Asker: 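Input: one structure, supplied below.
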Amino acid sequence: MVKIVDKEQIKQLFANGQRLMIGGFIECGAPHRLIDLLLESGVRNLTLIGNDTGFDDQKSGQLVVERRLSRVIVSHIGTNKETGRQMNSGDLEVELIPQGTLVEQIRAGGAGLGGVLTPTGIGTPVAEGSRTLEVDGREYLLAKPLRADLALVKAWKADRDGNLLFRYAARNFNPVIAMAGDRVVVEAEEIVPTGEIDPNQVMTPGIFVDYILRNGEE
Amino acid sequence: MVKIVDKEQIKQLFANGQRLMIGGFIECGAPHRLIDLLLESGVRNLTLIGNDTGFDDQKSGQLVVERRLSRVIVSHIGTNKETGRQMNSGDLEVELIPQGTLVEQIRAGGAGLGGVLTPTGIGTPVAEGSRTLEVDGREYLLAKPLRADLALVKAWKADRDGNLLFRYAARNFNPVIAMAGDRVVVEAEEIVPTGEIDPNQVMTPGIFVDYILRNGEE
Amino acid sequence: MTEMRERITRRIARELEDGDVVNLGIGMPTMVADFIPDDIRVIFQSENGFVGMGPRPPKGEEDPDLVNAGSEPVTIKTGGAFFDSTLSFAIIRGGHLDATVLGALQVDEQGNLANWKIPGKLVPGMGGAMDLTVGARQVIVATSHTTKKGQPKILPECTLPLTAKGEVDLIVTELAVFRVTGQGLLLKEIAEDTTVKEVKEKTAAGFSIAPELITFA
Amino acid sequence: MTEMRERITRRIARELEDGDVVNLGIGMPTMVADFIPDDIRVIFQSENGFVGMGPRPPKGEEDPDLVNAGSEPVTIKTGGAFFDSTLSFAIIRGGHLDATVLGALQVDEQGNLANWKIPGKLVPGMGGAMDLTVGARQVIVATSHTTKKGQPKILPECTLPLTAKGEVDLIVTELAVFRVTGQGLLLKEIAEDTTVKEVKEKTAAGFSIAPELITFA
């Protein structure tokens with residue numbers, strides 16, 4: 001059952017060494033208020049699973065800049081110079097995964113699949129060390145499921161039962177990570193009464209959501 | 001590019017021996033007008049991929065009753081007595097697949113995956129003859145992708161660019177088969193001008209759709 | 001018959017907790033929804049594509065687009081949501097259901113379930129049942145204790161093709177409630193109008209008996 | 001520089017047909033959209049989650065939720081649709097794109113492409129590029145013919161880590177248009193201000209020359 005909670009309750013969900021999925025695509029649709037709370041909470045040694053590490057001069061990127069991460073599993077780090085620096089100095093472990101494979105791994109984690117077979121990356125360094133399978137004469141990489149302790153989601157509107165709407169390109173990884181976290185935490189631009197979102201139009205059903213950050217405290 | 005076509009043009013898409021995906025869940029959300037045209041066209045020896053074979057006294061079920069099918073790949077046949085009879089007499093080949101596996105196989109076909117690994121069916125007759133894989137100590141079945149020559153989709157609203165909305169439980173298999181047909185044919189309760197459907201709310205983007213049956217001829 | 005089904009499903013309803021997300025199989029299991037106490041909220045999932053399933057609508061208000069997996073007219077509750085079959089089975093297989101309630105042809109002391117095929121006789125297909133048993137956190141079997149002919153349905157080992165291997169957690173009949181444990185069946189409750197002796201006679205599987213055997217009505 | 005990029009992307013725009021669904025990579029490839037003739041309709045897909053991408057909005061009308069995969073403000077055209085990343089890559093990997101246009105660090109005569117990593121120097125990551133090359137029906141490379149230092153980028157064999165093996169169909173530079181065939185590169189067109197001799201000098205890969213060599217501007 002969804003709980004609408006305040007900042008302090010959100011902060012208590014964070015702990016050193018956690019594995020986090022964070023929605024967004026280079027800051028667009030990233031849960032900036034939740035990331036602020038994460039930074040404030042002082043936790044470290046986190047693993048980040050998401051599309052990228054943001055911009056080094058914007059919010060998501062601060063997780064790297066402030067050295068809260070020990071490992072990232074992402075498709076792209078080019079927009080955050082600090083990620084490359086920490087990778088080269090050995091302070092940050094970076095696992096780069098093709099975006100379409102990464103999103104299927106997260107989906108598999110949320111959907112109870114043991115993995116998917118993808119043609120993406122065959123013949124490239126991505127295939128090195130990966131299990132490959134031949135199916136009907138074509139070679140595929142086995143992409144294993146990914147899950148996280150916490151998924152941090154940014155929604156446009158949430159109703160009080162946790163049903164979510166996303167807006168424009170801010171949707172991106174948010175719905176899929178909402179399926180793959182042991183606990184799912186949402187910040188929404190607006191929290192509306194249950195019933196206001198048409199059940200046909202719900203993008204993420206409330207059954208996936210555990211916590212919503214209360215609005216209007218700032 | 002989507003074409004809005006009349007009944008005769010739809011009928012010309014059908015041919016003996018085709019592999020068809022048809023949306024719907026025991027008649028709910030099934031494309032009854034397209035099935036009518038399929039029946040009228042007289043084609044036979046078809047392979048049906050879908051959730052079930054409908055009710056024997058309703059529209060989808062007539063594909064079996066009128067003996068148009070030589071093979072069905074479905075999760076359930078219990079609502080159409082004729083399916084069981086033709087299976088027992090050897091006139092119809094029936095491949096039963098767990099519903100969640102079937103829908104993933106169709107999705108894999110549409111999403112360019114070589115298959116998915118599912119725990120469903122391990123230890124049951126479904127696993128017999130299937131390839132199994134162990135991933136991180138758990139056993140999975142390999143479910144291979146499914147595609148079709150034609151996908152027949154029932155939408156609630158379609159715009160003239162093929163963007164689709166579905167209504168209530170009539171959505172079911174429709175969006176996923178719309179990804180996995182070489183050609184995708186839609187009947188819609190209503191065809192609205194492009195722009196009338198909010199781009200945030202589109203359930204199946206028009207790029208998947210090839211033909212829409214013109215309304216208002218009946 | 002109705003009384004038996006009501007007793008079984010009323011008892012199962014007591015297993016469900018506030019906030020649970022539950023899928024009810026076709027047939028008898030759907031009756032569980034009628035016995036949820038007013039002071040808790042259980043969210044019912046329908047594998048054809050929604051959560052927040054409500055009861056059958058009044059006559060004349062049925063909508064052909066709003067039916068459960070058994071094609072019966074239902075309603076959607078405030079806060080419900082519709083989705084396609086891929087998300088529906090992501091919910092089911094992905095561990096997002098707290099419980100599922102399913103019927104049985106046979107169930108056994110290893111927690112195996114058979115409910116989709118009688119070779120040569122009846123082959124309805126498994127539908128969503130195999131995914132439900134693999135994915136739901138708790139698998140509850142709702143079944144008459146014996147067949148119509150009086151043959152036991154709770155066996156040392158299922159003889160019919162399996163729906164699931166070792167996935168059943170709880171078996172509720174009109175006579176008894178068994179928990180499936182690593183050491184076989186544990187009789188936890190018996191109906192008020194039966195005896196352990198009768199349960200033993202009508203159960204082919206062996207079982208142990210809970211120290212504090214409870215009675216249910 | 002701008003002129004070179006304009007020439008390349010203007011030429012690539014002519015490869016696209018009415019009704020095509022196309023993904024343009026970050027950087028120079030995005031310019032292709034500016035040269036689509038008014039009488040055809042090309043639908044642009046953005047891998048961060050939509051089809052129907054339109055041009056940059058007027059100043060002051062940017063919306064932070066409406067950006068392309070390179071974080072630049074864009075617009076949505078009538079008939080467009082938004083979706084999540086799973087559907088976006090189902091479109092990409094599933095063969096639903098008619099073409100993708102991507103930049104290159106290196107490209108070779110077997111149709112291999114390298115554009116995501118210079119070991120020890122630059123590791124931006126592959127983002128969606130590997131999926132785009134595997135999934136799109138036609139993979140068009142948009143690249144300067146040589147590096148800034150004048151080194152050839154079209155090689156007998158890529159030396160940098162590959163993005164895709166054997167997936168490139170067409171290579172367009174400011175000097176030439178090559179088709180990748182089973183028998184290596186075929187020079188199909190040369191720019192109006194160059195010669196086959198210059199193209200040969202600046203191309204490390206071998207290539208054959210089309211019988212009817214066309215000139216482009």
Side-chain angles (χ1 to χ4, degrees), chain B residues 23-29 51-55 58 72 74-80 83-84 87-88 94-104 106-107 110-111 118-128 154 156 166-179 189 203-204, chain C residues 26 46-50 53 63-76 80-95 110-114 116-117 119-135 158 160-167:
Chain B
F25 192 109
I26 327 179
E27 306 290 348
C28 173
N51 182 58
D52 55 76
T53 56
F55 283 121
Q58 289 187 36
V72 298
V74 294
S75 81
H76 199 266
I77 59 170
T79 53
N80 189 326
T83 308
M87 177 179 65
N88 289 333
V94 174
E95 187 175 347
L96 289 168
I97 297 181
Q99 202 170 123
T101 303
L102 179 61
V103 79
E104 284 296 325
I106 297 169
R107 180 177 184 277
T118 178
T120 302
I122 289 285
T124 79
V126 167
E128 288 163 21
K154 160 75 193 299
W156 176 38
F166 305 94
R167 182 170 174 271
Y168 296 164
R171 191 178 325 184
N172 55 67
F173 276 61
N174 281 298
V176 72
I177 70 163
M179 296 165 61
E189 289 177 44
M203 296 174 188
T204 290
Chain C
I26 293 170
S46 192
E47 71 256 36
N48 52 329
F50 51 111
M53 180 165 51
D63 184 320
D65 288 346
L66 190 37
V67 295
N68 65 18
S71 296
E72 299 165 323
V74 292
T75 47
I76 183 87
F82 294 95
F83 34 77
D84 78 344
S85 296
T86 59
L87 187 63
S88 189
F89 280 85
I91 290 170
I92 289 170
R93 200 183 36 236
Q110 290 112 57
N112 298 326
L113 172 66
W116 70 284
K117 188 176 185 179
K121 266 194 178 168
L122 180 75
V123 189
M126 69 292 283
M130 287 190 180
D131 297 286
L132 284 162
T133 49
V134 165
C158 292
L160 292 172
L162 293 189
T163 303
K165 192 173 167 69
E167 298 285 357

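We name chains A, B, ... by the order of the sequence lines, and we start the count at 1 in each one. All values below come from the heavy atoms of this structure, side chains included, with hydrogens, waters and symmetry mates left out. Just so we're clear, the structure is a prediction, and the values are computed from it rather than from any experiment.
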Asker: Within this structure, what is the CD1-OG1 distance for the pair B:Ile106 and C:Thr86, rounded to the nearest 0.5 Å?
Answerer: 10.0 Å
Asker: Identify the two heavy atoms, one from C:Leu162 and one from B:Gly123, that lie closest to each other, and give their separation to 0.1 Å.
Answerer: CD1-O, 3.6 Å
Asker: Can you measure from CG (C:Leu87) to CZ (B:Arg171) and round to the nearest 0.5 angstrom?
Answerer: 9.0 Å
Asker: Counting C-beta onward and ignoring hydrogens, is there a side-chain heavy-atom pair between B:Gln99 and C:Phe89 closer than 4.5 Å?
Answerer: yes
Asker: Out of C:Ala69, C:Ala129, C:Ser88, C:Ala81, which one racks up the most heavy-atom pairs below 4.5 Å with chain B?
Answerer: C:Ala69
Asker: Please classify the contact between C:Pro64 and chain B as side chain, backbone, both or neither, with a heavy-atom cut-off of under 4.5 Å.
Answerer: backbone
Asker: Does any heavy atom of chain B fall under 4.5 Å from the side chain of C:Asp63, the backbone, both, or neither of them?
Answerer: side chain
Asker: C:Arg93 side chain to B:Thr120 main-chain N or O, any donor-acceptor pair under 3.5 Å?
Answerer: no
Asker: Could you report the tightest heavy-atom contact between B:Ala169 and C:Val67, atom names first, then the distance?
Answerer: CB-O, 4.0 Å
Asker: Which one wins on heavy-atom pair count under 4.5 Å against chain C: B:Pro175, B:Pro98, B:Gly121?
Answerer: B:Pro98
Asker: Could you tell me the separation between the OG atom of C:Ser46 and the CZ atom of B:Phe25, rounded to the nearest 0.5 Å?
Answerer: 7.0 Å
Asker: Does any heavy atom of chain C fall under 4.5 Å from the side chain of B:Asn88, the backbone, both, or neither of them?
Answerer: neither
Asker: Would you mind telling me which of C:Gly166, C:Ala164, C:Pro124 has the largest number of heavy-atom pairs within less than 4.5 Å of chain B?
Answerer: C:Pro124
Asker: What residue, out of C:Asp65, C:Asp84, C:Asn48, has the most heavy-atom pairs lying under 4.5 Å from chain B?
Answerer: C:Asp65
Asker: Just give me the residue among C:Ala90, C:Gly49, C:Gly125, C:Gly127 that pairs up with chain B most often, heavy atom to heavy atom, under 4.5 Å.
Answerer: C:Gly127
Asker: C:Phe82 pairs by ring-ring contact (aromatic ring centres under 6.0 Å, His included) with which of B:Tyr168, B:Phe166, B:Trp156?
Answerer: B:Tyr168
Asker: What part of B:Leu102 gets closer than 4.5 Å to chain C, counting heavy atoms only: side chain, backbone, both or neither?
Answerer: neither
Asker: Find the one option among B:Val103, B:Thr79, B:Asp52 whose heavy-atom pairs under 4.5 Å with chain C are most numerous.
Answerer: B:Val103
Asker: With a 4.5 angstrom heavy-atom cut-off, could you sort out which part of B:Glu128 is near chain C: side chain, backbone, both or neither?
Answerer: neither
Asker: Just how far is it from atom CG of C:Leu113 to atom OG1 of B:Thr124, taken to the nearest 0.5 Å?
Answerer: 11.0 Å
Asker: B:Leu96 versus C:Trp116: any side-chain heavy-atom pair under 4.5 Å?
Answerer: yes
Asker: Between B:Met87 and chain C, with a heavy-atom cut-off of 4.5 Å, which part of the residue counts as in contact: side chain, backbone, both or neither?
Answerer: side chain
Asker: Tell me, for C:Glu47 versus chain B, whether the close heavy atoms (under 4.5 Å) come from the side chain, the backbone, both or neither.
Answerer: both
Asker: Identify the two heavy atoms, one from C:Met126 and one from B:Val126, that lie closest to each other, and give their separation to 0.1 Å.
Answerer: CE-CG2, 3.7 Å
Asker: So which part of B:Arg107 gets closer than 4.5 Å to some heavy atom of chain C, the side chain, the backbone, both or neither?
Answerer: side chain
